[in-house]
Undergrad: 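Okay, here's the structure, questions in a sec.
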Amino acid sequence: MAQRSLPKFRFLCFGVGAQGIYLGANLQEAGHDVVFVDRPENVSVLTRKGLELKSDRVDIRIHHPTVVATIEEALTQGPYEAAIFAVKGYDTARVSKYLASYQVALPAFICLQNGIGNEAHLVHVFGPEKVIPGVMTTSIRRIEPGKAIVLHERGIGLSGRHSLISAIMAVFNQAGMNANYIRNAANMKWSKLLLNLMTNASAAILQMTPEEIIRDAELREIEVEAVREALAVMQAQNLRLVNLPAYPLKWLQYLVREEVPASLRDPILIKMVSNSWGNDLPILAEDLTSGKPQSEVEQLNGEVVRHALQSGMRASVNQALYDMLTAIVHGAIPIEQYYKNKQAYLATIHKYR
(Lines give C-alpha, C1' and ligand atoms only; values in the text may rest on other atoms or scores of the structure.)
Protein backbone atom coordinates (compact mmCIF):
# COMPACT_ATOMS: atom_id res chain seq x y z
CA MET A 1 0.00 0.00 0.00
CA ALA A 2 1.05 3.63 -0.46
CA GLN A 3 3.11 5.03 2.37
CA ARG A 4 1.31 7.50 4.62
CA SER A 5 3.96 10.15 3.98
CA LEU A 6 3.04 10.22 0.29
CA PRO A 7 -0.28 11.11 -1.32
CA LYS A 8 -2.30 8.40 -3.00
CA PHE A 9 -2.29 9.31 -6.67
CA ARG A 10 -4.81 8.44 -9.34
CA PHE A 11 -3.23 8.06 -12.77
CA LEU A 12 -4.84 7.94 -16.20
CA CYS A 13 -2.71 5.80 -18.52
CA PHE A 14 -3.10 5.99 -22.29
CA GLY A 15 -1.80 2.76 -23.80
CA VAL A 16 -1.25 -0.71 -22.33
CA GLY A 17 1.86 -1.74 -24.20
CA ALA A 18 5.18 -2.55 -22.56
CA GLN A 19 5.60 0.90 -21.05
CA GLY A 20 2.00 1.17 -19.87
CA ILE A 21 2.14 -2.24 -18.22
CA TYR A 22 5.42 -1.43 -16.48
CA LEU A 23 4.30 1.92 -15.12
CA GLY A 24 0.74 0.93 -14.32
CA ALA A 25 1.58 -2.37 -12.61
CA ASN A 26 4.31 -0.82 -10.46
CA LEU A 27 2.09 2.08 -9.44
CA GLN A 28 -0.87 -0.14 -8.58
CA GLU A 29 1.37 -2.49 -6.62
CA ALA A 30 2.54 0.53 -4.61
CA GLY A 31 -1.06 1.35 -3.71
CA HIS A 32 -1.96 3.97 -6.29
CA ASP A 33 -4.95 3.90 -8.64
CA VAL A 34 -4.52 3.54 -12.38
CA VAL A 35 -7.22 3.68 -15.05
CA PHE A 36 -6.07 2.49 -18.47
CA VAL A 37 -7.41 3.64 -21.84
CA ASP A 38 -6.77 1.33 -24.78
CA ARG A 39 -8.25 0.31 -28.10
CA PRO A 40 -11.78 -1.17 -27.83
CA GLU A 41 -10.63 -4.53 -29.23
CA ASN A 42 -8.11 -4.87 -26.38
CA VAL A 43 -10.32 -3.90 -23.45
CA SER A 44 -12.10 -7.23 -22.89
CA VAL A 45 -8.86 -9.21 -23.20
CA LEU A 46 -7.01 -7.03 -20.72
CA THR A 47 -9.92 -6.97 -18.29
CA ARG A 48 -10.25 -10.74 -18.41
CA LYS A 49 -6.56 -11.67 -18.32
CA GLY A 50 -5.32 -8.87 -16.08
CA LEU A 51 -1.81 -7.45 -16.13
CA GLU A 52 1.43 -9.24 -15.38
CA LEU A 53 4.90 -7.77 -14.96
CA LYS A 54 8.01 -9.78 -14.18
CA SER A 55 11.52 -8.63 -13.41
CA ASP A 56 14.40 -9.49 -11.13
CA ARG A 57 12.82 -7.09 -8.63
CA VAL A 58 9.09 -7.82 -8.84
CA ASP A 59 6.49 -10.36 -9.93
CA ILE A 60 3.28 -8.36 -10.14
CA ARG A 61 -0.19 -9.58 -11.11
CA ILE A 62 -3.07 -7.15 -11.36
CA HIS A 63 -6.13 -9.37 -11.58
CA HIS A 64 -8.83 -6.79 -12.20
CA PRO A 65 -7.34 -3.72 -13.91
CA THR A 66 -9.66 -0.90 -14.83
CA VAL A 67 -9.41 -0.67 -18.61
CA VAL A 68 -11.79 1.46 -20.68
CA ALA A 69 -12.15 2.15 -24.38
CA THR A 70 -13.03 5.85 -24.40
CA ILE A 71 -11.95 9.03 -22.72
CA GLU A 72 -15.57 9.63 -21.71
CA GLU A 73 -15.56 6.44 -19.66
CA ALA A 74 -12.21 7.31 -18.14
CA LEU A 75 -13.30 10.78 -17.04
CA THR A 76 -16.25 9.36 -15.11
CA GLN A 77 -13.68 7.66 -12.86
CA GLY A 78 -11.59 10.78 -12.18
CA PRO A 79 -10.35 13.20 -11.14
CA TYR A 80 -6.72 12.35 -11.81
CA GLU A 81 -3.50 13.82 -10.52
CA ALA A 82 -1.58 12.96 -13.69
CA ALA A 83 -1.86 11.14 -17.01
CA ILE A 84 0.74 8.79 -18.49
CA PHE A 85 1.12 9.06 -22.26
CA ALA A 86 2.30 5.57 -23.19
CA VAL A 87 1.30 5.31 -26.85
CA LYS A 88 3.73 4.85 -29.73
CA GLY A 89 5.32 7.99 -31.10
CA TYR A 90 3.57 7.59 -34.45
CA ASP A 91 0.21 7.64 -32.61
CA THR A 92 0.90 10.86 -30.68
CA ALA A 93 -0.69 13.28 -33.16
CA ARG A 94 -3.78 11.09 -33.60
CA VAL A 95 -4.37 10.52 -29.89
CA SER A 96 -3.70 14.13 -28.89
CA LYS A 97 -6.18 15.30 -31.54
CA TYR A 98 -8.76 12.86 -30.15
CA LEU A 99 -8.22 14.26 -26.65
CA ALA A 100 -8.19 17.94 -27.66
CA SER A 101 -11.83 18.65 -26.78
CA TYR A 102 -11.31 17.25 -23.26
CA GLN A 103 -8.24 19.32 -22.40
CA VAL A 104 -9.92 21.20 -19.54
CA ALA A 105 -10.84 17.95 -17.76
CA LEU A 106 -7.48 16.27 -18.30
CA PRO A 107 -4.48 16.50 -15.94
CA ALA A 108 -0.83 17.00 -16.89
CA PHE A 109 0.67 14.39 -19.21
CA ILE A 110 3.87 12.54 -18.32
CA CYS A 111 5.51 11.90 -21.70
CA LEU A 112 8.15 9.14 -21.57
CA GLN A 113 8.07 8.28 -25.27
CA ASN A 114 11.13 7.66 -27.37
CA GLY A 115 12.28 10.20 -29.90
CA ILE A 116 11.81 13.90 -30.51
CA GLY A 117 8.60 15.78 -31.21
CA ASN A 118 6.05 14.02 -29.01
CA GLU A 119 6.04 16.73 -26.37
CA ALA A 120 5.63 19.39 -29.06
CA HIS A 121 2.38 17.74 -30.21
CA LEU A 122 1.07 17.65 -26.65
CA VAL A 123 2.11 21.22 -25.92
CA HIS A 124 0.36 22.39 -29.08
CA VAL A 125 -2.91 20.80 -27.93
CA PHE A 126 -2.78 21.16 -24.14
CA GLY A 127 -0.27 23.94 -23.45
CA PRO A 128 3.16 23.72 -21.81
CA GLU A 129 1.69 23.72 -18.30
CA LYS A 130 0.16 20.28 -18.94
CA VAL A 131 3.23 18.47 -20.30
CA ILE A 132 5.93 16.81 -18.18
CA PRO A 133 8.80 15.64 -20.44
CA GLY A 134 10.49 12.40 -19.50
CA VAL A 135 12.62 9.48 -20.65
CA MET A 136 12.78 5.85 -19.65
CA THR A 137 16.03 3.89 -19.74
CA THR A 138 14.45 0.74 -18.33
CA SER A 139 14.03 -1.82 -21.10
CA ILE A 140 10.72 -3.72 -21.18
CA ARG A 141 9.29 -6.21 -23.62
CA ARG A 142 5.61 -7.02 -24.04
CA ILE A 143 5.18 -10.78 -24.37
CA GLU A 144 1.45 -10.79 -25.08
CA PRO A 145 -1.51 -8.51 -24.33
CA GLY A 146 -1.28 -7.48 -20.67
CA LYS A 147 2.00 -9.31 -20.00
CA ALA A 148 5.51 -7.83 -20.01
CA ILE A 149 8.97 -8.62 -18.71
CA VAL A 150 11.69 -6.19 -17.67
CA LEU A 151 14.91 -6.91 -19.55
CA HIS A 152 17.03 -4.27 -17.83
CA GLU A 153 15.73 -2.07 -15.02
CA ARG A 154 17.52 1.27 -14.98
CA GLY A 155 15.30 4.25 -14.33
CA ILE A 156 13.23 7.23 -15.42
CA GLY A 157 14.18 10.84 -16.04
CA LEU A 158 11.69 13.68 -15.59
CA SER A 159 12.04 17.35 -16.39
CA GLY A 160 10.04 20.57 -16.28
CA ARG A 161 8.59 22.87 -13.65
CA HIS A 162 5.15 21.39 -13.03
CA SER A 163 3.97 21.88 -9.45
CA LEU A 164 3.48 18.13 -9.00
CA ILE A 165 6.80 16.95 -10.40
CA SER A 166 8.43 16.42 -6.99
CA ALA A 167 5.43 14.44 -5.78
CA ILE A 168 5.32 12.38 -8.98
CA MET A 169 9.00 11.57 -8.63
CA ALA A 170 8.46 10.52 -5.03
CA VAL A 171 5.58 8.26 -6.07
CA PHE A 172 7.64 6.72 -8.88
CA ASN A 173 10.54 6.09 -6.52
CA GLN A 174 8.22 4.60 -3.92
CA ALA A 175 7.10 2.21 -6.66
CA GLY A 176 10.75 1.22 -7.25
CA MET A 177 11.19 2.89 -10.64
CA ASN A 178 14.29 5.03 -9.88
CA ALA A 179 13.04 8.46 -10.97
CA ASN A 180 15.62 11.21 -11.45
CA TYR A 181 15.20 14.92 -12.13
CA ILE A 182 17.04 16.25 -15.19
CA ARG A 183 17.20 20.02 -15.45
CA ASN A 184 17.10 20.60 -19.20
CA ALA A 185 14.30 18.76 -21.02
CA ALA A 186 15.72 19.21 -24.53
CA ASN A 187 19.15 17.91 -23.49
CA MET A 188 17.45 14.95 -21.81
CA LYS A 189 15.31 14.01 -24.83
CA TRP A 190 18.18 14.36 -27.33
CA SER A 191 20.49 12.33 -25.09
CA LYS A 192 17.92 9.53 -25.03
CA LEU A 193 17.59 9.89 -28.81
CA LEU A 194 21.29 9.16 -29.22
CA LEU A 195 20.91 6.10 -27.05
CA ASN A 196 17.98 4.93 -29.18
CA LEU A 197 19.90 5.48 -32.42
CA MET A 198 22.53 2.84 -31.66
CA THR A 199 21.79 -0.24 -33.83
CA ASN A 200 18.01 0.36 -33.69
CA ALA A 201 17.20 1.07 -37.34
CA SER A 202 20.01 -1.20 -38.57
CA ALA A 203 18.68 -4.14 -36.56
CA ALA A 204 15.26 -3.69 -38.16
CA ILE A 205 16.62 -3.33 -41.69
CA LEU A 206 19.11 -6.21 -41.47
CA GLN A 207 17.09 -8.34 -39.05
CA MET A 208 20.27 -8.79 -37.01
CA THR A 209 20.74 -8.37 -33.28
CA PRO A 210 22.45 -5.30 -31.83
CA GLU A 211 25.37 -7.47 -30.72
CA GLU A 212 25.85 -8.89 -34.21
CA ILE A 213 25.86 -5.37 -35.64
CA ILE A 214 28.18 -3.74 -33.13
CA ARG A 215 30.73 -6.57 -33.37
CA ASP A 216 31.01 -6.16 -37.15
CA ALA A 217 33.62 -3.48 -37.95
CA GLU A 218 31.87 -2.14 -41.07
CA LEU A 219 28.43 -2.06 -39.51
CA ARG A 220 29.81 -0.55 -36.31
CA GLU A 221 31.24 2.35 -38.34
CA ILE A 222 27.75 3.14 -39.66
CA GLU A 223 26.43 3.38 -36.10
CA VAL A 224 29.28 5.71 -35.16
CA GLU A 225 28.56 7.95 -38.15
CA ALA A 226 24.85 8.13 -37.27
CA VAL A 227 25.73 9.20 -33.73
CA ARG A 228 28.25 11.77 -34.99
CA GLU A 229 25.56 13.30 -37.20
CA ALA A 230 23.14 13.56 -34.28
CA LEU A 231 25.82 15.12 -32.09
CA ALA A 232 26.55 17.69 -34.81
CA VAL A 233 22.85 18.59 -34.90
CA MET A 234 22.83 18.95 -31.12
CA GLN A 235 25.85 21.22 -31.23
CA ALA A 236 24.23 23.37 -33.93
CA GLN A 237 21.20 23.80 -31.67
CA ASN A 238 23.25 24.52 -28.54
CA LEU A 239 22.24 21.23 -26.91
CA ARG A 240 24.52 18.90 -24.99
CA LEU A 241 24.60 15.31 -23.84
CA VAL A 242 23.55 14.67 -20.25
CA ASN A 243 23.75 11.57 -18.12
CA LEU A 244 20.59 9.47 -17.93
CA PRO A 245 19.64 6.87 -15.28
CA ALA A 246 22.27 4.10 -15.46
CA TYR A 247 23.74 5.68 -18.61
CA PRO A 248 26.63 8.15 -18.10
CA LEU A 249 26.36 9.43 -21.67
CA LYS A 250 28.53 12.53 -21.46
CA TRP A 251 31.61 10.59 -22.45
CA LEU A 252 30.01 9.39 -25.71
CA GLN A 253 30.63 12.68 -27.51
CA TYR A 254 34.36 12.31 -26.89
CA LEU A 255 34.48 8.61 -27.64
CA VAL A 256 33.10 8.92 -31.18
CA ARG A 257 35.36 11.76 -32.29
CA GLU A 258 37.26 10.99 -35.48
CA GLU A 259 40.62 11.46 -33.78
CA VAL A 260 39.89 8.76 -31.18
CA PRO A 261 41.54 5.51 -32.32
CA ALA A 262 39.22 2.61 -33.07
CA SER A 263 41.31 0.41 -30.79
CA LEU A 264 40.17 2.54 -27.85
CA ARG A 265 36.64 3.33 -29.03
CA ASP A 266 35.41 -0.03 -30.27
CA PRO A 267 35.78 -2.22 -27.15
CA ILE A 268 33.79 0.36 -25.15
CA LEU A 269 31.01 0.57 -27.74
CA ILE A 270 30.84 -3.21 -28.06
CA LYS A 271 30.55 -3.60 -24.30
CA MET A 272 27.92 -0.87 -24.03
CA VAL A 273 25.66 -2.26 -26.76
CA SER A 274 26.16 -5.90 -25.76
CA ASN A 275 25.33 -5.19 -22.12
CA SER A 276 22.38 -2.99 -22.99
CA TRP A 277 20.65 -4.89 -25.81
CA GLY A 278 22.75 -7.91 -26.75
CA ASN A 279 20.58 -10.44 -28.56
CA ASP A 280 17.27 -8.67 -27.85
CA LEU A 281 15.82 -7.11 -30.98
CA PRO A 282 15.16 -3.39 -30.37
CA ILE A 283 11.75 -1.78 -30.74
CA LEU A 284 12.02 -0.79 -34.41
CA ALA A 285 12.75 -4.40 -35.36
CA GLU A 286 9.93 -5.69 -33.14
CA ASP A 287 7.43 -3.32 -34.73
CA LEU A 288 8.55 -4.28 -38.23
CA THR A 289 8.31 -8.04 -37.69
CA SER A 290 4.89 -7.64 -36.08
CA GLY A 291 3.65 -6.16 -39.34
CA LYS A 292 2.81 -2.68 -38.06
CA PRO A 293 2.30 -0.21 -40.92
CA GLN A 294 4.14 2.55 -39.05
CA SER A 295 7.49 2.94 -37.34
CA GLU A 296 9.02 5.18 -34.69
CA VAL A 297 11.99 5.67 -37.03
CA GLU A 298 10.16 8.92 -37.86
CA GLN A 299 10.75 10.17 -34.30
CA LEU A 300 14.34 8.88 -34.22
CA ASN A 301 16.47 9.00 -37.38
CA GLY A 302 13.79 11.06 -39.09
CA GLU A 303 14.06 13.82 -36.49
CA VAL A 304 17.85 13.91 -36.82
CA VAL A 305 17.40 14.46 -40.55
CA ARG A 306 14.72 17.12 -40.08
CA HIS A 307 16.70 19.12 -37.52
CA ALA A 308 19.85 18.79 -39.62
CA LEU A 309 18.06 20.37 -42.59
CA GLN A 310 16.76 23.16 -40.35
CA SER A 311 20.37 23.89 -39.37
CA GLY A 312 21.60 23.84 -42.97
CA MET A 313 23.36 20.50 -42.51
CA ARG A 314 23.23 17.01 -43.97
CA ALA A 315 22.70 13.80 -42.05
CA SER A 316 23.27 11.33 -44.87
CA VAL A 317 23.59 8.15 -42.81
CA ASN A 318 20.47 8.89 -40.79
CA GLN A 319 18.69 9.79 -44.04
CA ALA A 320 19.69 6.44 -45.56
CA LEU A 321 18.57 4.48 -42.50
CA TYR A 322 15.29 6.40 -42.38
CA ASP A 323 14.58 5.90 -46.08
CA MET A 324 15.42 2.19 -46.09
CA LEU A 325 13.34 1.34 -43.03
CA THR A 326 10.42 3.53 -44.11
CA ALA A 327 10.39 1.86 -47.52
CA ILE A 328 10.29 -1.59 -45.90
CA VAL A 329 7.53 -0.59 -43.47
CA HIS A 330 5.36 0.81 -46.28
CA GLY A 331 5.98 -2.18 -48.53
CA ALA A 332 7.88 -0.20 -51.17
CA ILE A 333 10.69 -2.75 -50.95
CA PRO A 334 10.51 -6.29 -49.53
CA ILE A 335 11.98 -7.00 -46.11
CA GLU A 336 14.07 -9.73 -47.78
CA GLN A 337 16.07 -7.16 -49.75
CA TYR A 338 18.36 -6.40 -46.81
CA TYR A 339 17.74 -9.50 -44.69
CA LYS A 340 21.19 -10.24 -43.19
CA ASN A 341 22.60 -8.76 -46.40
CA LYS A 342 25.38 -6.50 -45.21
CA GLN A 343 26.71 -5.71 -48.66
CA ALA A 344 23.36 -4.51 -50.00
CA TYR A 345 22.87 -2.42 -46.86
CA LEU A 346 26.33 -0.83 -47.09
CA ALA A 347 25.93 -0.20 -50.83
CA THR A 348 22.69 1.70 -50.25
CA ILE A 349 24.20 3.85 -47.50
CA HIS A 350 27.23 4.56 -49.73
CA LYS A 351 24.89 6.08 -52.35
CA TYR A 352 23.76 8.71 -49.83
CA ARG A 353 27.25 9.91 -48.96
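What you see is a predicted model; the values in this text were computed from it and never measured. When a residue number appears, it is its place in the shown sequence, counting from 1. The figures here come from the full heavy-atom set of this structure, side chains too, leaving out hydrogens, waters and symmetry mates.
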Undergrad: Could you tell me whether the side chain of L300 reaches within less than 4.5 Å of the side chain of L284, counting heavy atoms only?
TA: yes

Undergrad: Roughly how far apart are L244 CG and K192 NZ, rounded to 0.5 Å?
TA: 8.0 Å

Undergrad: Quick check: do S139 and R154 have side-chain heavy atoms less than 4.5 Å from each other?
TA: yes

Undergrad: What's the shortest heavy-atom distance between A315 and V305, and which atoms?
TA: O-CG2, 4.1 Å

Undergrad: Would S191 and Y247 count as a side-chain hydrogen bond (donor to acceptor under 3.5 Å, both in side chains) if you check the C-alpha gap in whole Å, the side-chain angles of each, and the deciding distance to 0.1 Å?
TA: CA-CA 10 Å; S191 296; Y247 278 109; over 6 Å; no

Undergrad: Do L321 and S202 have side chains that approach each other closer than 4.5 Å (heavy atoms only, starting at C-beta)?
TA: yes

Undergrad: Go through E81 and H32 one step at a time and tell me if the side-chain hydrogen bond (donor to acceptor under 3.5 Å, both in side chains) criterion holds.
TA: CA-CA 11 Å; E81 278 72 37; H32 302 280; over 6 Å; no

Undergrad: Are L194 and V304 joined in one hydrophobic group, where the rule is that I, L, V, M, F, W and Y side chains link up if heavy atoms are under 4.5 Å apart?
TA: yes

Undergrad: Tell me if a side-chain donor or acceptor on Y181 pairs with a main-chain N or O of G160 at a distance below 3.5 Å.
TA: yes

Undergrad: Report yes or no: do Y22 and E153 form a side-chain donor-acceptor pair below 3.5 Å?
TA: yes

Undergrad: Looking at side-chain heavy atoms only, is the closest gap between N42 and F36 below 4.5 Å?
TA: no

Undergrad: When you check the side-chain N and O atoms of Q113 and T92, is any donor under 3.5 Å from an acceptor?
TA: yes

Undergrad: Between R220 and I270, is there a donor-acceptor pair closer than 3.5 Å when you use the side chain of the first and the backbone of the second?
TA: no

Undergrad: Could you tell me whether the side chain of D38 and the main chain of V43 form a donor-acceptor pair under 3.5 Å?
TA: no

Undergrad: Using 4.0 Å as the upper bound for N to carboxylate O, is an ion pair formed by K351 and D323?
TA: no

Undergrad: Donor-acceptor check, side chain of T199 to backbone of P210, threshold 3.5 angstrom: yes or no?
TA: no

Undergrad: Start with the C-alpha gap between E298 and Y322, add the side-chain angles, then the distance that decides, and say whether side-chain hydrogen bond (donor to acceptor under 3.5 Å, both in side chains) holds.
TA: CA-CA 7 Å; E298 181 73 39; Y322 172 77; 2.6 Å; yes

Undergrad: Under a 3.5 Å distance rule, please check whether T137 uses its side chain to pair with a backbone N or O of G155 as donor and acceptor.
TA: yes

Undergrad: Look up atom NZ in K8 and atom CZ in R10, then write down how far apart they are to the nearest 0.5 Å.
TA: 8.0 Å

Undergrad: Any side-chain heavy atom of L51 within less than 4.5 Å of one from L46?
TA: yes

Undergrad: Among side-chain atoms of N341 and Q337, is any donor-acceptor pair under 3.5 angstrom?
TA: no

Undergrad: Can you see which heavy atom on A148 is nearest to which on I21, and at what distance?
TA: CB-CG2, 4.0 Å

Undergrad: Tell me if a side-chain donor or acceptor on H162 pairs with a main-chain N or O of L164 at a distance below 3.5 Å.
TA: yes

Undergrad: Within the structure provided, determine whether I71 and F14 are in side-chain contact (heavy-atom separation under 4.5 Å).
TA: yes

Undergrad: Considering non-hydrogen atoms only, spot the tightest contact between I168 and A82 and give its length.
TA: CD1-CB, 4.1 Å

Undergrad: Supply the atom-to-atom distance L219 CG to Y345 OH, rounded to the nearest 0.5 angstrom.
TA: 6.0 Å

Undergrad: Please indicate whether K271 has more than 12 foreign heavy atoms, meaning atoms of other residues, nucleotides or ligands, lying under 6.0 Å from its NZ.
TA: no

Undergrad: Is the shortest side-chain N to carboxylate O distance from E258 to R265 below 4.0 Å?
TA: no

Undergrad: Can you confirm whether more than 12 heavy atoms, excluding those of R240, are under 6.0 Å from its CZ atom?
TA: no

Undergrad: Between D33, V171, L23, which is the residue that forms a side-chain contact (heavy atoms from CB on, under 4.5 Å) with F11?
TA: V171

Undergrad: Any side-chain heavy-atom pair from V67 and V45 closer than 4.5 angstrom?
TA: no

Undergrad: Tell me whether D287 contacts the main-chain N or O of Q294 through its side chain, where contact means a donor paired with an acceptor under 3.5 Å.
TA: no

Undergrad: Would you indicate whether the side-chain heavy atoms of E144 and K49 approach each other to under 4.5 Å?
TA: yes

Undergrad: On a heavy-atom basis, which atom in I349 and which in I222 lie closest, and how many Å separate them?
TA: CD1-CG2, 3.7 Å

Undergrad: Between R306 and E303, does any side-chain N to carboxylate O distance fall below 4.0 Å?
TA: yes

Undergrad: Is the side chain of T209 donor-acceptor paired with the backbone N or O of L281 at a distance under 3.5 Å, no angle test?
TA: no

Undergrad: Does S311 use its side chain to pair, donor to acceptor, with the backbone of M313 at less than 3.5 Å?
TA: no

Undergrad: Roughly how far apart are D91 CG and E296 CD, rounded to 0.5 Å?
TA: 9.0 Å

Undergrad: Would you find more than 12 non-hydrogen atoms of other residues, nucleotides or ligands less than 6.0 Å from Y98 atom OH?
TA: yes

Undergrad: Taking all non-hydrogen atoms of both residues into account, name the closest pair between S96 and F85 and its distance.
TA: N-CZ, 4.4 Å

Undergrad: Keeping the roles fixed (side chain from T76, backbone from E73), state whether a donor-acceptor pair exists under 3.5 Å.
TA: yes

Undergrad: Assess whether atom CG of D59 is packed by more than 12 heavy atoms of other residues, nucleotides or ligands within 6.0 Å.
TA: yes

Undergrad: Taking all non-hydrogen atoms of both residues, which atom of M136 and which atom of L112 are closest, and how far apart?
TA: CE-CD1, 4.1 Å

